[in-house]
Amino acid sequence: MHHPVGTMHRMPDAAAVAAAVARNTRRLRTARGWSLDQLASRSGVSKGMLVHLEGARTNPSLGTMCKIAETLGVSLARLVELHEAPAVRVVQPAEVARLWTGSDGSWGDLLVGSDERDHLELWRWTLAPGDRHASEPHVEGTREMLHVIDGTLTVEVDGVAYPVGPGGAALFHADRPHAYGNDRRRPVRFVMLVLQPDPDLEEWAATLDSG
């Protein structure tokens with residue numbers, strides 16, 4: 001007998017995700033030789049927030065995690081990775097990280113990601129009727145593509161709304177303000193792929209030398 005995913009498996013709790021973010025942020029920051037002050041100035045995240053984050057004393061917002069990941073030059077998946085990824089990464093249902101929750105019944109799960117050359121992230125989302133998630137622009141060249149499974153998703157890019165119905169898909173540049181909304185009376189479910197280009201390593205090294 002088959003059971004829906006989620007009835008048999010338990011996702012990592014917020015404390016486990018916060019601990020992973022703390023461990024990975026501290027490791028990636030120190031590997032680059034950055035102080036907390038340097039990471040704060042580069043990312044725009046306050047030093048106080050970073051202290052709490054690296055101490056696993058806070059559950060950082062999705063926006064904060066995006067800023068830190070982009071500043072460190074890694075994907076969001078790398079930042080929330082519970083374990084070091086082997087050559088073949090199989091993500092079990094109990095390892096999926098829920099990084100955003102909205103109104104009752106809305107959520108965003110980061111399923112899996114890769115940092116080889118370009119950064120890739122695979123997400124699944126559910127938006128309750130009337131809910132909306134807005135995102136700041138990602139790094140230049142970032143693209144997102146999505147596929148709507150159920151319901152009608154409203155994709156907003158640069159303030160322009162684009163409805164995407166069930167079975168439909170969309171591709172857009174995410175290095176500008178964008179949002180996902182559900183203007184209908186039934187939930188909308190969709191999967192999304194984020195492609196972020198590899199940072200310019202020479203420019204990055206020059207920034208480190210000057211810092």
Side-chain angles (χ1 to χ4, degrees), residues 5-116 119-126 131 133-139 142 174 180 192 194 196 198-199 204 207-208 211:
V5 172
T7 60
M8 297 176 61
H9 304 280
R10 181 171 175 268
M11 300 174 70
D13 59 22
V17 174
V21 172
R23 179 177 62 252
N24 294 327
T25 299
R26 185 168 54 249
R27 176 173 54 82
L28 292 164
R29 175 180 63 78
T30 56
R32 286 153 179 74
W34 293 357
S35 67
L36 282 167
D37 286 316
Q38 287 174 312
L39 179 55
S41 64
R42 287 184 169 94
S43 66
V45 176
S46 72
K47 181 180 178 181
M49 171 59 75
L50 291 175
V51 169
H52 285 291
L53 184 147
E54 289 197 2
R57 297 195 297 271
T58 184
N59 294 317
S61 69
L62 180 54
T64 294
M65 287 187 285
C66 284
K67 288 179 181 178
I68 292 172
E70 290 175 356
T71 303
L72 292 171
V74 299
S75 69
L76 190 56
R78 177 82 173 275
L79 200 65
V80 303
E81 185 71 60
L82 297 179
H83 311 287
E84 285 298 317
V88 176
R89 178 73 168 102
V90 177
V91 179
Q92 301 296 343
E95 298 177 297
V96 172
R98 179 151 297 173
L99 299 185
W100 179 79
T101 54
S103 64
D104 187 31
S106 295
W107 45 261
D109 291 346
L110 178 56
L111 300 172
V112 69
S114 169
D115 276 321
E116 297 181 19
H119 307 316
L120 292 169
E121 298 171 1
L122 180 64
W123 291 76
R124 65 182 179 193
W125 289 79
T126 289
D131 206 359
H133 173 69
S135 176
E136 296 180 0
H138 300 312
V139 297
T142 300
Y180 319 99
M192 179 176 68
V194 181
Q196 178 181 310
D198 194 31
W204 189 23
T207 301
L208 289 178

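The shown structure was predicted, so the numbers you read here are calculated from the model rather than taken from an experiment.
- Between Tyr180 and His133, the ring planes are parallel. Angles under 30° get that label, and only those over 60° would be called perpendicular.
- With rounding to the nearest 0.5 Å, the separation of CD in Glu95 from CG in Leu111 is 12.0 Å.
- Between the CZ atom in Arg42 and the CD1 atom in Ile68 there is a gap of 14.0 Å [rounded to 0.5 Å].
- For the side chain to side chain contact (heavy atoms under 4.5 Å, CB included) test with Leu79, the passing option among Thr25, Leu99, Val17 is Thr25; the others fail.
- Between Met65 and Pro60, the shortest heavy-atom distance links the atoms CE-O, 3.6 Å.
- Side-chain atoms of Arg32 come within 3.5 Å of backbone atoms of Leu72 as a donor-acceptor pair (strictly under, hydrogens ignored).
- What you find for Arg78 and Leu28 is that their closest heavy atoms are NH2-CD2, 3.8 Å.
- Checked by atom type and distance alone, the side chain of His119 never pairs as donor or acceptor with a backbone atom of Ala77 at under 3.5 Å.
- Taking the side chain to side chain contact (heavy atoms under 4.5 Å, CB included) definition, one finds that Thr101 meets it with Arg98, Trp107, sequence neighbours left out.
- In this structure, Asp104 has no side chain to side chain contact (heavy atoms under 4.5 Å, CB included) partners at least two apart in sequence or on a different chain.
- Between Val194 and Met192 the shortest heavy-atom distance is CG2-CE, 4.0 Å.
- Counting heavy atoms from C-beta on, the side chains of Val45 and Leu39 never come closer than 4.5 Å.
- For the atom pair CH2 (Trp34) and OG (Ser43), the distance works out to 8.5 Å, reported to the nearest 0.5 Å.
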Can I get a per-line list of side-chain donor-acceptor pairs under 3.5 Å for residues 52-59, giving both atom names and the distance, sequence neighbours left out?
unit_1 : atom_1 : unit_2 : atom_2 : d
Glu54  : OE1    : Arg29  : NH2    : 2.9
Glu54  : OE2    : Arg29  : NE     : 2.7

CA sep, side-chain torsions, deciding dist, call: Asn24, Val80, side chain to side chain contact (heavy atoms under 4.5 Å, CB included): CA-CA 7 Å; Asn24 294 327; Val80 303; 5.9 Å; no
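- Note: Leu110 CG to Glu81 CD = 9.0 Å, rounded to the nearest 0.5 Å.
- Taking CG of Leu76 as the start and SG of Cys66 as the end, the distance is 5.0 Å to the nearest 0.5 Å.
- A donor-acceptor contact shorter than 3.5 Å links the side chain of Thr30 to the backbone of Arg27.
- A distance of 12.5 Å separates CH2 in Trp100 from OG in Ser61, rounded to the nearest 0.5 Å.
- Applying the side chain to side chain contact (heavy atoms under 4.5 Å, CB included) rule to Ala174 yields the partners His138, Thr142, Glu144, Phe172, His178; only residues at least two apart in sequence or on another chain are considered.
- Every residue was checked against the side-chain hydrogen bond (donor to acceptor under 3.5 Å, both in side chains) condition with Ser41, not counting sequence neighbours, and none meets it.
- Take Ala40 and apply the side chain to side chain contact (heavy atoms under 4.5 Å, CB included) test, not counting sequence neighbours, and it matches Lys47, Leu50.
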